[in-house]
Structures are given as C-alpha cells and as structure tokens.
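Structure, as structure tokens:
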Amino acid sequence: MINLAVFGAGRIGHVHALNAAGMRSVRVKYLVDPVASDQAAFLAAQIGADIACAESVFSDTSVDGVIVASSTDTHAELLLRAASAGKAIFCEKPISLDFATVETAVNAVEASGVACLLAFQRRYDPDFRFVRERIVSGDAGALEHIVMHTRDPSPPPRAYVERSGGMFRDQAIHDFDMARYLLGEEIATVYAVGNCLIDPEIGAAGDIDTAMVTLTSVSGRFVQLINCRRAPFGYDQRLEVLCSKEVLYVENRPQRGVSIADANGFRASPPMNYFIERFADAYRNEMAAFVCMIETGDRPLAGIRDGLEAQRIAEAACVSMQNGQPIHINIDWRP
Ligand SMILES: NC(=O)c1ccc[n+]([C@@H]2O[C@H](COP(=O)([O-])OP(=O)(O)OC[C@H]3O[C@@H](n4cnc5c(N)ncnc54)[C@H](O)[C@@H]3O)[C@@H](O)[C@H]2O)c1
C-alpha cells in the first residue's frame with residue numbers, strides 16, 4: 001500500500017485527491033489545507049484522509065509521496081521540504097512565479113534524488129500522447145511545424161489574475177511544455193505579442209488576455225501558439241502538427257457524440273466545458289503514473305526539469321512582449 005498526502009483542497013486538489021483515493025493500491029493518509037478548512041474537512045471525509053499540518057506529513061516515515069496541489073506560492077517550499085524528507089513528489093505547475101526560486105527548488109529536488117512528476121497533464125491525454133507516438137515512431141514523417149490553440153471559455157476573475165503570474169506563466173506554460181514534448185528538443189527563440197482585447201479588468205490587473213507566441217526550436221522548426229482568455233463557444237483546446245507524411249489534428253472533444261439536424265441545419269454538441277472535464281482521463285493517467293513511479297521507479301512523462309524549461313520559455317515570452325523583440329534562449333538564459 002502506498003501512503004500519500006495531498007496539499008491543497010481547492011479546484012485541482014479535489015481532482016487529484018479523488019483520483020489518488022480511487023486507486024486500489026493507494027491510501028490518502030493526510031490532507032493539508034490550513035486556509036480552506038471547511039472544504040478540506042469535506043474532502044477529507046470523502047476520501048477517508050486525516051486533516052493534518054505539513055509537519056505531521058513530513059515527519060511521518062510511512063508517507064511515500066506528496067501531491068502538491070496548493071496555491072502556487074506554496075510549491076517551492078513544499079518541494080524543498082519533501083526533498084529533504086525523502087518523499088516522492090507530484091507537483092502542480094508552475095513551480096514558483098519567481099524564476100530564481102524555480103531554479104533553487106529544481107536543483108534541490110534533483111540533488112536529493114527523490115522522484116518527481118511535474119503535473120503537465122496534457123502529456124497524459126490519450127489524444128496528445130497518440131500524436132507524440134506517431135511522431136516518435138516515424139509514421140508521421142518529419143515534424144516541420146506545430147499550431148496550438150488554447151482559449152479559456154471566459155475570463156477569470158480579477159482576483160485570480162492578480163495572483164496568477166500572468167497568462168504566460170499560468171496558462172500558456174502547458175503549451176510551452178507541449179511544444180518541447182512534441183518537438184523532442186529545446187526552444188531557441190521566443191517571440192511574443194500580447195494585448196488586453198477582451199476584459200479591461202485583466203488589463204487593470206496588469207495582465208493580457210490575448211497573445212500569440214512564435215517559438216523556433218534549436219533545429220529551426222516552428223511552433224505558433226494562440227492563447228486567449230475567452231472563446232464564445234466554450235473551451236478551445238486544439239493542436240495541429242504538420243509532418244512530412246501526415247498532418248495530425250487534436251480537435252475539441254464534444255460533450256456528446258450526437259449532432260442534431262433539423263430544417264435549419266446541423267447543430268454539433270458543444271465542447272467539454274473546461275480543463276477539469278476535458279482532461280479528466282489525463283488527470284487519472286498522471287496520478288496512475290505517479291503511483292507507478294513510486295512502486296516501480298518508472299520515469300514520469302514530465303519531471304521537475306520540464307517545469308523549469310517550460311517556465312524559461314514563459315519568462316522569455318514576458319520579456320519579448322515587453323521589448324517587442326525575439327528573445328534567444330538556452331539553458332543558461334534567465335530573465
Ligand atoms: N495542471 C492543471 O491543469 C492545473 C489546473 C488548475 C490549477 N493548477 C495549479 O494548481 C495549483 C492550485 O490551483 P487551484 O486552481 O486548485 O487553486 P485553488 O485556489 O482552488 O486551491 C488552492 C488551495 O491551496 C490551499 N492552500 C493555500 N496555502 C496552502 C498551504 N500552505 N498548504 C496547503 N494548502 C494550501 C488553499 O486554501 C486552496 O484551497 C496552482 O498552482 C495552479 O496553477 C493546475
């Protein structure tokens with residue numbers, strides 16, 4: 001039996017806690033959320049966990065791993081504590097909003113030798129994974145360029161935006177990771193433009209709601225990202241990969257596989273509401289991978305260094321947008 005502790009009983013903490021507790025070989029022993037105590041008590045009762053403080057988790061030698069799903073500003077400290085206590089780590093993105101802190105946390109986790117899965121769940125989505133497999137197997141031919149769309153259904157509240165670190169670190173970081181994952185190589189140049197075209201509240205909070213980012217890989221291949229905080233029909237999460245033998249498309253997943261036709265034409269089912277529904281399989285798969293990592297030592301599809309490299313691209317996008325210039329990056333580049 002694997003004993004886990006979950007930090008954070010919010011939106012994504014619920015998903016991870018329920019997925020972990022649903023696994024036969026897992027006991028979620030502790031749930032930690034000193035801020036949202038009512039929410040935490042409700043979730044703890046659902047999964048049979050004890051409410052605990054961080055000290056109890058890190059001093060309990062029976063705890064094999066921790067799931068860090070708390071607010072972003074808590075991740076780095078929890079990573080450091082988990083690393084020194086020898087606990088396997090499942091960590092939500094981003095590692096920190098401060099790049100120097102990201103580097104410190106990543107170096108400490110790597111030096112400790114503890115296993116760590118960085119929660120870029122899109123790598124565990126069956127459709128995105130299938131695309132990656134066709135590229136790696138050579139069936140699709142040589143990858144030449146990628147186009148990705150990420151549009152939220154509606155703008156987040158201003159309070160969320162103010163603490164998010166901005167759209168590149170909060171939302172587009174998944175796309176930056178997917179670009180590296182599909183290309184199988186690092187990014188060399190980042191050119192970003194962004195503006196506030198949708199919600200003036202986002203602009204007042206100092207952020208953008210619409211962006212386009214062009215990435216060039218080390219070998220000279222291109223990725224075009226389109227990111228935005230609204231799509232009038234709902235969640236828009238699509239991918240197009242041009243290879244020499246095939247074009248691979250990941251389309252939006254409909255809520256129902258039924259279209260309705262009448263005298264006015266055909267109406268397709270709307271897409272799944274948002275990331276919790278769209279990536280439900282991916283969240284289950286990444287939790288299974290975390291448990292497998294603890295049980296068998298299998299490497300996860302995304303590790304702690306992938307969190308650092310995706311964030312390096314996010315930081316470069318911020319600088320590029322401010323300066324109006326492409327930014328050349330490598331493993332020594334920092335903002
Ligand atoms: N991979 C994904 O798809 C995905 C989706 C959503 C959020 N996230 C990330 O997950 C993290 C949480 O996001 P959310 O949307 O669930 O936020 P949220 O605000 O709904 O939940 C965060 C929870 O953490 C709790 N918390 C604060 N300090 C804590 C501490 N010291 N110890 C334990 N718990 C603490 C808060 O009380 C809150 O309940 C963020 O870093 C976010 O970027 C990732």
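Both ligands and their constituent atoms are indexed starting at 1 by order of listing. Values below: every heavy atom of this structure, side chains too, minus hydrogens, waters and symmetry copies.
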[X]/[Y] ion pair, N-O < 4.0 Å:
| X | Y | answer |
| --- | --- | --- |
| R122 | D125 | no |
| D127 | R278 | yes |
| D306 | R180 | yes |

Is there any protein N/O under 3.5 Å from an N/O of ligand 1, and what does the full list of such pairs look like?
| from | atom 1 | to | atom 2 | distance (Å) |
| --- | --- | --- | --- | --- |
| ligand 1 | 1 (N) | E92 | OE1 | 2.9 |
| ligand 1 | 1 (N) | E92 | OE2 | 3.4 |
| ligand 1 | 1 (N) | Q121 | OE1 | 3.0 |
| ligand 1 | 3 (O) | Q121 | OE1 | 3.2 |
| ligand 1 | 3 (O) | Q121 | NE2 | 3.4 |
| ligand 1 | 3 (O) | Y283 | OH | 2.6 |
| ligand 1 | 15 (O) | R11 | NE | 2.9 |
| ligand 1 | 15 (O) | R11 | NH2 | 3.1 |
| ligand 1 | 16 (O) | R11 | N | 3.2 |
| ligand 1 | 16 (O) | I12 | N | 2.9 |
| ligand 1 | 20 (O) | R11 | N | 3.0 |
| ligand 1 | 24 (O) | S71 | N | 3.3 |
| ligand 1 | 37 (O) | D33 | OD1 | 2.7 |
| ligand 1 | 37 (O) | D33 | OD2 | 3.3 |
| ligand 1 | 37 (O) | A36 | N | 3.4 |
| ligand 1 | 39 (O) | D33 | OD2 | 2.6 |
| ligand 1 | 41 (O) | T72 | OG1 | 2.7 |
| ligand 1 | 41 (O) | H75 | NE2 | 3.3 |
| ligand 1 | 41 (O) | K93 | O | 3.2 |
| ligand 1 | 43 (O) | K93 | O | 3.0 |
| ligand 1 | 43 (O) | K93 | NZ | 3.1 |

Could you verify whether a donor N or O on one side chain and an acceptor N or O on the other, from D152 and Q171, lie under 3.5 Å apart?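 Yes, Q171 and D152 have a side-chain donor paired with an acceptor closer than 3.5 Å.
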Flag for Q237-Y235: side-chain donor and acceptor within less than 3.5 Å: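 A donor-acceptor contact under 3.5 Å links the two side chains.
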Donor-acceptor contacts under 3.5 Å from residues 66-74 side chains, at least two apart:
| from | atom 1 | to | atom 2 | distance (Å) |
| --- | --- | --- | --- | --- |
| S70 | OG | T74 | OG1 | 2.6 |
| D73 | OD2 | R163 | NH2 | 3.2 |
| T74 | OG1 | S71 | O | 2.6 |

